[in-house]
Protein chains: 2
Amino acid sequence: MKTTERKTRATGRATLSDVARAAQVSPITASRVLRGVDTVDPELAERVRNAAAALGYVPNPAARALASARSDTVAVLVPSLSNRVFIDVLEAIYRILQPAGYEVLIGNSHYDRDEEERLLRNYLVHRPSGLIVTGFDRTEAARRLIEASGTPCVHLMELAHAPSVYCVGLSQSDAGAAVARHLLDRGRRRVAFVAAQLDPRTLQRGEGFRRVLIDEGCYDPALELLTPAPSSMALGGELLVSLLERHPDVDGIFFCNDDLAQGALLEALRRGIAVPQRVAVVGFNDLEGAAHMVPRLTTIRTPREEMGQRAAALLLAAMRGEPVKMPAVDVGFELVARESR
Amino acid sequence: MKTTERKTRATGRATLSDVARAAQVSPITASRVLRGVDTVDPELAERVRNAAAALGYVPNPAARALASARSDTVAVLVPSLSNRVFIDVLEAIYRILQPAGYEVLIGNSHYDRDEEERLLRNYLVHRPSGLIVTGFDRTEAARRLIEASGTPCVHLMELAHAPSVYCVGLSQSDAGAAVARHLLDRGRRRVAFVAAQLDPRTLQRGEGFRRVLIDEGCYDPALELLTPAPSSMALGGELLVSLLERHPDVDGIFFCNDDLAQGALLEALRRGIAVPQRVAVVGFNDLEGAAHMVPRLTTIRTPREEMGQRAAALLLAAMRGEPVKMPAVDVGFELVARESR
DNA sequence: AGTGATTAGGATAGCGCTACCTCGATGTTG
DNA sequence: CAACATCGAGGTAGCGCTATCCTAATCACT
């Protein structure tokens with residue numbers, strides 16, 4: 001069986017046409033059945049499904065994306081994967097989107113606006129069905145890319161200033177304010193704010209914290225210790241020590257996240273700095289370790305799972321073109337008062 | 001300007017043909033230039049590149065994947081994202097693969113073989129250029145899928161039993177053995193192994209640990225406390241307490257990971273159980289907290305960044321069809337002796 | 001100069017799927 | 001009962017790119 005015809009480029013796997021042929025229908029009908037759209041005669045549909053199963057047919061996503069100019073993909077951009085908060089949010093997002101038939105692409109911008117823009121560019125060429133991004137602080141170009149793509153987009157972690165923007169988050173500044181009130185309620189007057197990384201949400205927390213202190217007449221700018229260095233337990237310990245050295249009368253510290261706070265707690269333990277007797281310590285996020293520290297860490301718990309879940313649900317509705325009554329979801333926060341005051 | 005012709009389906013963005021037309025070459029030539037292949041006349045190449053830049057041309061990955069039956073994608077499957085170890089490995093992989101022009105797809109199997117198989121199926125339809133998977137414990141079907149796909153595949157974390165299998169890892173059982181010897185060297189005789197999750201690597205660590213104890217004649221099966229529950233600090237504390245209740249003479253404990261060990265350390269602190277005086281504690285992974293615990297945790301440090309980096313480099317070579325001299329890379333481990341003994 | 005080997009670039013033909021339009025068969029109405 | 005809407009199914013024609021083949025030109029070598 002000598003043949004001089006052009007070598008085939010086919011991949012050898014069953015295609016939609018194979019299924020259609022086996023089911024004795026046209027490829028379009030098979031396509032419709034397998035996408036679950038339109039009203040196809042139940043008997044034909046059954047034949048198609050059987051044929052697909054018999055042939056072990058698996059759709060080719062590239063062909064689908066090319067023909068339809070969209071892909072069943074949702075890109076999620078977070079600023080960090082080393083922060084457990086985002087892992088939990090991602091997990092929840094995945095748990096909703098995956099069963100709905102979407103593929104989740106994870107992008108890590110490393111708290112870098114340019115990197116986020118680059119990721120966005122990279123992902124948008126895939127024509128994702130949806131987009132989930134973190135916060136509102138991004139380059140103008142990134143903003144335009146999202147806008148121009150027309151892709152439904154949900155914003156995480158913060159609440160929008162503008163209406164008609166999908167967002168699922170909480171007021172970071174209200175949470176910061178709650179911490180300030182909590183410390184004041186417990187009789188602390190010389191309270192400090194210690195922060196690293198200095199991403200927008202961290203700054204918002206500090207702002208809310210400061211607002212309350214000003215209102216209560218006990219704000220001292222010297223008690224704000226800010227550094228753009230990435231958060232770490234080691235840094236938390238160092239900042240605690242240097243703050244207390246310079247301001248021995250400080251009686252309460254709000255660390256912008258639990259990593260810093262935990263590092264501070266352990267350093268205090270090691271140095272015999274009495275927490276909460278000499279100084280109260282409050283963190284943010286309620287990471288796993290918080291409840292196990294000695295003393296147990298008082299912190300702000302944010303509903304990470306709920307945030308992811310609701311963001312995904314909101315996006316699903318938007319992608320399906322369903323009317324969305326609540327474009328902005330405030331998931332709130334909870335101050336978990338433990339032993340560190 | 002009435003036109004009855006069929007509505008166009010084009011996406012409105014510049015295509016390769018647009019670039020070719022602008023550069024006055026054929027589309028194939030443009031394709032070759034932009035892929036950087038073949039030897040195209042430098043002058044033509046220059047024209048093509050200029051035209052592409054002028055038009056803001058961005059290749060359509062779906063079209064490319066459809067035509068070439070492959071995508072510039074590498075799928076990485078890890079068993080967990082809540083374990084910092086895998087985040088660090090992923091990060092390193094990404095840092096190598098991204099500049100090389102590959103897109104990294106992250107899959108989380110949640111320590112579930114069936115879930116891993118499902119992910120594999122999902123990712124392989126995209127015809128990735130490469131695959132990075134964790135360990136060797138997978139379903140037979142998953143194994144066959146990888147094999148049949150012909151996709152270059154690197155195995156992480158463990159070392160292969162078979163030659164000609166790409167892997168970058170370490171001997172988990174040797175690491176376990178090192179912990180046993182370390183404890184024995186410090187005079188401990190009643191040493192326990194406490195483990196959760198019970199994934200293959202955890203069990204290998206226990207096996208190496210046990211091997212040494214048997215050799216030294218101080219193995220007591222009653223001092224192995226295993227539970228399939230997921231690891232957590234809370235669980236570490238509980239297991240410590242219940243172990244010491246049942247076996248008050250235990251003078252050394254190897255926790256299969258740092259989460260358990262840290263939880264145990266904090267619980268010991270809270271209960272006044274003297275570490276290391278009454279009982280030595282050793283962990284595994286050297287997570288961030290280990291060095292900050294009170295007392296500081298002795299643990300096994302594995303080179304996570306190096307593992308990711310070398311796995312990615314190995315895969316790159318394999319994908320480029322370069323000859324690989326060292327299909328198995330042993331990155332080793334290091335026992336970091338701190339205060340917990 | 002003739003032969004073959006090597007090259008550069010282009011023509012052709014899909015990759016596998018779905019958007020769009022058409023058509024025939026059915027139901028619906030005055 | 002004819003004219004008309006409705007609807008299910010199919011035909012056609014790409015989506016944007018690259019694999020494969022092909023031609024013509026260049027280059028050795030005998």
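Chain identifiers are assigned alphabetically (A, B, ...) following the order of the sequence lines, protein sequences preceding nucleic acid strands; residue numbering begins at 1 within each chain. All values below were derived from every heavy atom in this structure, side-chain atoms included, with hydrogens, water molecules and symmetry-related copies excluded.
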Asks: Anything under 3.5 Å between a donor and an acceptor, one on a side chain of residues 307-316 of chain A, the other on a protein residue two or more places apart or in another chain? List them.
Replies:
from	atom 1	to	atom 2	distance (Å)
A/Arg310	NH1	A/Glu306	OE2	3.3

Asks: From the set C/dT18, D/dT18, D/dC17, return the single nucleotide nearest to any side-chain atom of B/Pro59.
Replies: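 Taking heavy atoms from C-beta onward, the closest nucleotide is D/dC17.
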Asks: Heavy-atom contacts under 4.0 Å between residues 119-130 of chain A and DNA chain C, which residues?
Replies: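 Residues of residues 119-130 of chain A that come under 4.0 Å of DNA chain C do not exist, since none gets that close.
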Asks: For the side chain of A/Arg32, starting at C-beta, report the closest nucleotide among C/dG10, D/dA19, D/dG10.
Replies: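 Closest nucleotide among those given: D/dG10.
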Asks: Among residues 60-70 of chain A, which ones have heavy-atom contacts with DNA chain D below 4.0 Å?
Replies: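 Close to the strand are A/Leu66, A/Ala67.
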Asks: When the distance from CD of A/Gln24 to P of D/dG8 is rounded to whole Å, what number comes out?
Replies: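 So the two atoms are 22 Å apart, to the nearest Å.
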Asks: Would you say the base of C/dG16 and the side-chain of A/Arg13 have a donor-acceptor pair closer than 3.5 Å?
Replies: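 Donor-acceptor pair under 3.5 Å: no.
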Asks: Going by atom types only, do A/Ser17 and A/Arg21 share a side-chain donor-acceptor pair under 3.5 Å?
Replies: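 The answer is no; no qualifying pair exists.
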Asks: Please tell me if A/Ser26 has a side-chain N or O lying less than 4.0 Å from either OP1 or OP2 of D/dG10.
Replies: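 For D/dG10, OP1 or OP2 has a side-chain N or O of A/Ser26 closer than 4.0 Å.
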Asks: Would you confirm whether the ring centroid of A/His155 sits within less than 6.0 angstrom of the ring centroid of A/Tyr166?
Replies: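 Not under 6.0 Å, so no.
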Asks: Salt bridge between A/Arg138 and A/Glu117, side-chain N to carboxylate O under 4.0 Å?
Replies: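 Result for this pair is no, no salt bridge flagged.
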Asks: In plain terms, say whether B/Arg84 and B/Asp88 are close enough for a salt bridge, that is, a side-chain N and a carboxylate O under 4.0 Å apart.
Replies: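 The answer is yes: the pair qualifies as a salt bridge.
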Asks: Could you grab the distance from atom CD1 of B/Ile96 to atom CD of B/Glu91, nearest 0.5 Å is fine?
Replies: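 If we round to the nearest 0.5 Å, B/Ile96:CD1 and B/Glu91:CD are 11.5 Å apart.
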Asks: For a side chain to side chain donor-acceptor pair (under 3.5 Å) check, start with the C-alpha distance between A/Glu116 and A/His110, then their side-chain angles and the critical distance, and finish with the verdict.
Replies: CA-CA 8 Å; A/Glu116 191 203 34; A/His110 300 91; over 6 Å; no
Asks: Nearest whole Å is fine: how far is D/dC17 P from B/Arg21 CZ?
Replies: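 That distance rounds to 12 Å.
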Asks: Check every atom of D/dT20, C/dG9, D/dG8 against the side chain of B/Leu44 and return the nucleotide holding the closest atom.
Replies: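 Within the option list, the nearest is C/dG9.
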Asks: Establish, with yes or no, whether the OP1 or OP2 oxygen of C/dT18 is under 4.0 angstrom from a side-chain nitrogen or oxygen of A/Ser31.
Replies: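 Answer is yes, contact under 4.0 Å.
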Asks: Can you tell me how far C1' of D/dC15 sits from CG of B/Asp18, to the nearest Å?
Replies: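 Checked: the CG to C1' distance equals 13 Å.
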Asks: When you measure from the side chain of A/Thr29 to the backbone N and O of A/Val25, does any donor-acceptor pair fall under 3.5 Å?
Replies: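 Not confirmed, A/Thr29 side chain does not pair with A/Val25 backbone.
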Asks: Check B/Glu147 with B/Arg144, please: is the shortest side-chain N to carboxylate O separation under 4.0 Å?
Replies: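 Salt bridge flag = no for B/Glu147 with B/Arg144.
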